[in-house]
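In what follows, every chain begins at residue 1, and chains take the letters A, B, ... in the order their sequences are listed. Note that these values count all heavy atoms, side chains included, but never hydrogens, waters or copies made by symmetry.
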Amino acid sequence: MTGVSLAAAATGSSPLWYATRATGVIALVLLTATVVLGVAGVSRIEMPGLPRVVTAGLHRNLSLLVVALIGVHVLTTVTDSYTRIGLTAAVLPFSSGYRTFWLGLGAVAFDLLLAVLLTSLLRGRLPYRAWRAVHWLGYACWPVALWHGLGTGTDSRLPWLLALDALCVAAVTAAAGWRLSRAAPGPLRTAAITAAVLLPLVTVAFVLSGPLQPGWARRAGTPPARLSPAAGLTWLALRSAARS
Amino acid sequence: MTVPGHNAAARRERLLRRTRTITLGVAGGAAVASLGLGTAFAHVIPGHGRPAARAATAAHAAPRHEAAGPATSGPATAGHAAPAGTAPTASPPPARVSHHRHRLAPPASPPASTPAAPQASSGGS
């Protein structure tokens with residue numbers, strides 16, 4: 001925490017807020033790696049220097065690391081004094097008053113991840129089909145987590161963060177495409193291909209029409225008490241300066 | 001004489017050790033990356049708890065954005081929700097902003113000799 005604390009001390013901000021942002025971003029990157037490793041494992045892809053045993057072990061360990069990072073992400077969010085977000089809002093979707101929908105997506109992703117993790121820990125005691133059905137929720141967890149970050153994050157417009165999100169989308173799309181190219185034809189495969197094609201398009205459309213537009217904080221559901229009129233005035237000043 | 005079972009166990013142990021090593025490397029990298037990202041956020045989006053100070057600094061920085069066009073970083077921070085006064089509003093602006101402040105160019109034309117009547121603005125933008 002030293003670097004964050006020093007930077008926060010220099011700017012007078014809470015290091016918890018920055019820790020929340022940072023752990024959220026890293027958790028998304030690691031979740032992306034977990035999904036890609038899972039797809040590689042189930043597709044029986046053997047990467048150079050990484051036998052399938054190692055790939056499977058990494059898939060398991062990285063998913064545990066993601067949960068640990070999300071734990072830090074939740075703890076720093078709850079303890080940050082910027083806005084009051086209870087611990088229940090982290091697991092109970094759409095129960096927070098701050099950006100209800102977008103924060104709720106984070107809770108949904110967290111719940112899905114917990115379900116996948118718990119069923120994997122109890123895999124030996126569960127029927128294979130039940131475990132597999134729950135494990136497929138991992139594919140749903142990833143885009144929900146991505147949209148949570150894009151919709152909630154006040155830093156979503158930073159170019160390098162957008163580039164990082166684009167890399168994550170490209171990695172998962174490529175892995176899913178590889179997996180689907182080897183799957184047996186059928187309605188499930190068609191639906192999965194449609195989802196794999198639509199997901200990046202919908203995400204790009206959402207980013208262009210949502211977080212990249214001015215006034216997103218208000219539209220995202222930030223309580224009026226948290227909306228600073230000074231910020232709006234500054235936006236108007238910047239826009240008029242750019243036009244003149 | 002080597003036993004095949006022993007070889008398999010040794011190979012398995014080697015692969016598990018490799019898995020642990022990579023996992024530790026990734027975990028360490030994630031921790032370092034979290035610290036680095038947190039520090040980067042603190043510099044890119046400063047004054048999270050100081051809306052008044054940030055507004056003041058952003059207003060000072062407006063000519064800089066004018067020169068650079070509609071930059072992404074300016075509206076990106078200004079258009080978002082600023083926290084409501086967790087710090088005194090009279091707090092000084094962050095020191096780092098002064099490092100990036102550009103000197104203003106002199107006016108292209110001298111000021112008018114006769115004071116003109118103030119123009120009425122429609123308020124639209």
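Annotation: Arg12(B), atom CZ; neighbour count of heavy atoms from other residues, nucleotides and ligands within 6.0 Å does not exceed 12.
Note that the OG1 atom of Thr20(A) and the CZ atom of Phe41(B) stand 10.5 Å from one another [nearest 0.5 Å]. Distance check, rounded to the nearest 0.5 Å: CD1 of Ile22(B) to CG of Leu50(A) gives 5.0 Å. Here Ile26(A) contributes atom CD1 and Leu37(B) contributes atom CG; the two are 4.5 Å apart, rounded to the nearest 0.5 Å.
Residues of residues 25-33 of chain B that come within less than 4.5 angstrom of chain A, heavy atom to heavy atom, are Val26(B), Ala27(B), Ala30(B), Ala33(B) in numerical order.
Ser34(B) has its side chain within reach of Leu69(A): a pair of non-hydrogen atoms, C-beta onward, lies under 4.5 Å apart.
Partners of Ser120(A) under the side chain to side chain donor-acceptor pair (under 3.5 Å) rule, at least two apart in sequence or in another chain, are Trp131(A), His135(A).
Residues Gly38(B) and Ala22(A) share a closest heavy-atom pair of N-CB, 3.5 Å.
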Listing, residues 51-59 of chain A side-chain donor-acceptor contacts under 3.5 Å, not counting sequence neighbours, or none:
{"unit_1": "Thr55(A)", "atom_1": "OG1", "unit_2": "Pro51(A)", "atom_2": "O", "d": "3.2"}
{"unit_1": "His59(A)", "atom_1": "ND1", "unit_2": "Thr34(A)", "atom_2": "O", "d": "2.9"}
{"unit_1": "His59(A)", "atom_1": "ND1", "unit_2": "Gly38(A)", "atom_2": "N", "d": "3.4"}

Residues 208-215 of chain A, side-chain donor-acceptor partners within the protein, below 3.5 Å, at least two apart:
{"unit_1": "Ser209(A)", "atom_1": "OG", "unit_2": "Ala205(A)", "atom_2": "O", "d": "2.8"}
{"unit_1": "Ser209(A)", "atom_1": "OG", "unit_2": "Phe206(A)", "atom_2": "O", "d": "3.4"}
{"unit_1": "Gln213(A)", "atom_1": "NE2", "unit_2": "Leu208(A)", "atom_2": "O", "d": "2.9"}

